[in-house]
Number of protein chains: 2
Amino acid sequence: MPSTRLPILSMRQQICDALRGEIMAGEISFNQPVREQNLAKRFGVSRNSVRDALLQLSQEGVLIYSPNCGVRVSSPPTQKESKLYAKLRREIEIHSLEIAWSSWTKEDDGNLNRLQRILSVACEQQDLKAITETDLAMHRYWVSKASKELESVWLGITVRMLIAYSQLDNYMQCCLEHAAIVEAIACRDLSAAKKAVELNIRSK
Amino acid sequence: MPSTRLPILSMRQQICDALRGEIMAGEISFNQPVREQNLAKRFGVSRNSVRDALLQLSQEGVLIYSPNCGVRVSSPPTQKESKLYAKLRREIEIHSLEIAWSSWTKEDDGNLNRLQRILSVACEQQDLKAITETDLAMHRYWVSKASKELESVWLGITVRMLIAYSQLDNYMQCCLEHAAIVEAIACRDLSAAKKAVELNIRSK
DNA sequence: AACAATCATATTGTCGACAATTATACAATT
DNA sequence: AATTGTATAATTGTCGACAATATGATTGTT
């Protein structure tokens with residue numbers, strides 16, 4: 001239910017978001033080549049637009065690009081890499097919370113609440129793809145508010161970390177953890193918010 | 001002086017590297033719009049190839065992209081952001097050194113030595129652009145060897161951190177610090193190498 | 001049968017042209 | 001004078017076609 005965004009998403013962004021979601025949900029197997037032509041036909045656009053999207057996803061680390069050979073879904077991170085990613089993510093998000101804190105508005109609260117409700121429904125229905133997407137969107141919200149430049153760095157790390165998040169042990173816990181974050185923010189309790197975020201970000 | 005790479009660089013990569021170098025050396029002022037047409041004419045290629053490069057640089061955080069409005073050079077990071085970037089970089093590079101360590105070869109030593117010589121000359125001549133480029137290439141070497149996926153994350157952070165590195169207080173110190181890193185690696189002293197890298201990566 | 005060279009096919013890379021959008025300059029209205 | 005509306009120019013977004021490259025099959029030679 002995209003309700004608030006005024007800026008119309010570009011074609012590239014739409015394709016990016018769609019593919020990223022599928023890949024993160026594990027719907028495309030690792031090392032399987034992704035063909036431009038197929039996607040162009042599927043989305044009803046030219047190969048050029050697809051290329052743009054694939055290039056962006058390569059830069060994000062979701063896809064691996066080999067010149068003249070196209071792209072493939074990148075392999076999931078090793079355990080050690082996952083731990084590193086989690087650490088980096090925590091540091092970026094904590095920093096972002098601090099930066100965004102001073103300009104946080106009631107509207108931001110509303111937007112987070114809306115995402116939280118979506119997450120809640122997704123957890124009840126055990127819709128893994130929706131959970132992953134909404135989870136991403138929530139965290140992205142405060143990072144994006146803090147800095148657009150940081151956002152792209154953060155996205156690369158987080159997406160890599162969440163690739164093949166497939167088996168989520170406890171859907172309810174995911175929902176509760178995010179509720180805790182949203183509430184801490186709503187109460188303007190920065191240190192509680194930071195702590196809640198830190199708890200939520202961990203390598204499996 | 002690109003001397004060693006066997007794989008032919010794609011047009012996009014060439015344009016990316018050229019622009020990234022110029023931006024990092026501060027040759028294009030902040031918030032100045034970058035026009036596709038001009039670049040296409042300058043590099044003697046079609047606008048499409050330029051677009052690919054601009055898109056990639058946007059994803060790296062060097063350029064800021066606004067739909068239908070093109071790109072502009074992104075503003076330099078705040079002091080607080082610089083400190084965060086430095087921290088993230090240290091963690092990624094330390095991790096990379098550990099990972100790359102087991103498969104490190106004499107050829108790698110040779111490649112690093114070659115870069116170190118280039119850096120040395122650049123420092124003597126006080127060629128800031130060459131210094132920045134070579135500095136980047138050296139660090140990139142071990143990160144890239146550890147993981148292609150990590151490399152793209154690392155590049156985004158590092159490039160943002162080095163934007164407008166312009167005033168480098170002490171050229172000789174830069175050269176010496178990197179010499180220490182190379183030597184520690186050559187001696188296969190991991191902990192010394194890690195320490196040398198940590199010392200070298202700092203926010204100004 | 002094993003290997004090398006050659007050809008055919010599929011896929012990516014590049015290009016120029018046109019459509020859609022945005023920014024700018026200028027006139028019209030209050 | 002300030003604001004709104006309109007036409008013009010500049011810029012980005014999208015497309016289809018062709019060139020360059022890689023992949024896979026076929027043939028020819030030993």
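All chains are named by letter (A, B, ...) in the order of the sequence lines, taking the proteins before the strands, and each is independently numbered beginning at 1. These numbers were taken from a predicted model, which means no experiment stands behind them.
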A.B. asks: Name all pairs fulfilling the ring-ring contact (aromatic ring centres under 6.0 Å, His included) condition that reach into residues 97-119 of chain A, sequence neighbours left out, sorted by first residue then second.
C.D. replies: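 Listed once each, the pairs are A:W104-A:Y141.
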A.B. asks: Partners of B:H139 by ring-ring contact (aromatic ring centres under 6.0 Å, His included), sequence neighbours excluded?
C.D. replies: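 Residues passing ring-ring contact (aromatic ring centres under 6.0 Å, His included) with B:H139: B:W142, B:H178.
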A.B. asks: Could you give all pairs that pass the ring-ring contact (aromatic ring centres under 6.0 Å, His included) test and reach residues 57-99 of chain A, with sequence neighbours left out?
C.D. replies: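 Residue pairs passing ring-ring contact (aromatic ring centres under 6.0 Å, His included), neighbours aside: none found.
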A.B. asks: Under the salt bridge (Lys or Arg N to Asp or Glu O under 4.0 Å) rule, collect the residues that match up with B:D17, sequence neighbours excluded.
C.D. replies: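 Salt bridge (Lys or Arg N to Asp or Glu O under 4.0 Å) check on B:D17 returns B:R20.
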A.B. asks: For B:S96, enumerate each residue passing the side-chain hydrogen bond (donor to acceptor under 3.5 Å, both in side chains) test, keeping only those at least two apart in sequence or located in another chain.
C.D. replies: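 Scan of B:S96 (side-chain hydrogen bond (donor to acceptor under 3.5 Å, both in side chains), adjacent residues dropped) gives none.
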A.B. asks: Output one letter per nucleotide in nucleotides 6-20 of chain D: B when a protein non-hydrogen atom lies under 4.0 Å from the base, S when only the sugar-phosphate is that close, - when neither is.
C.D. replies: -----SBBBBB----
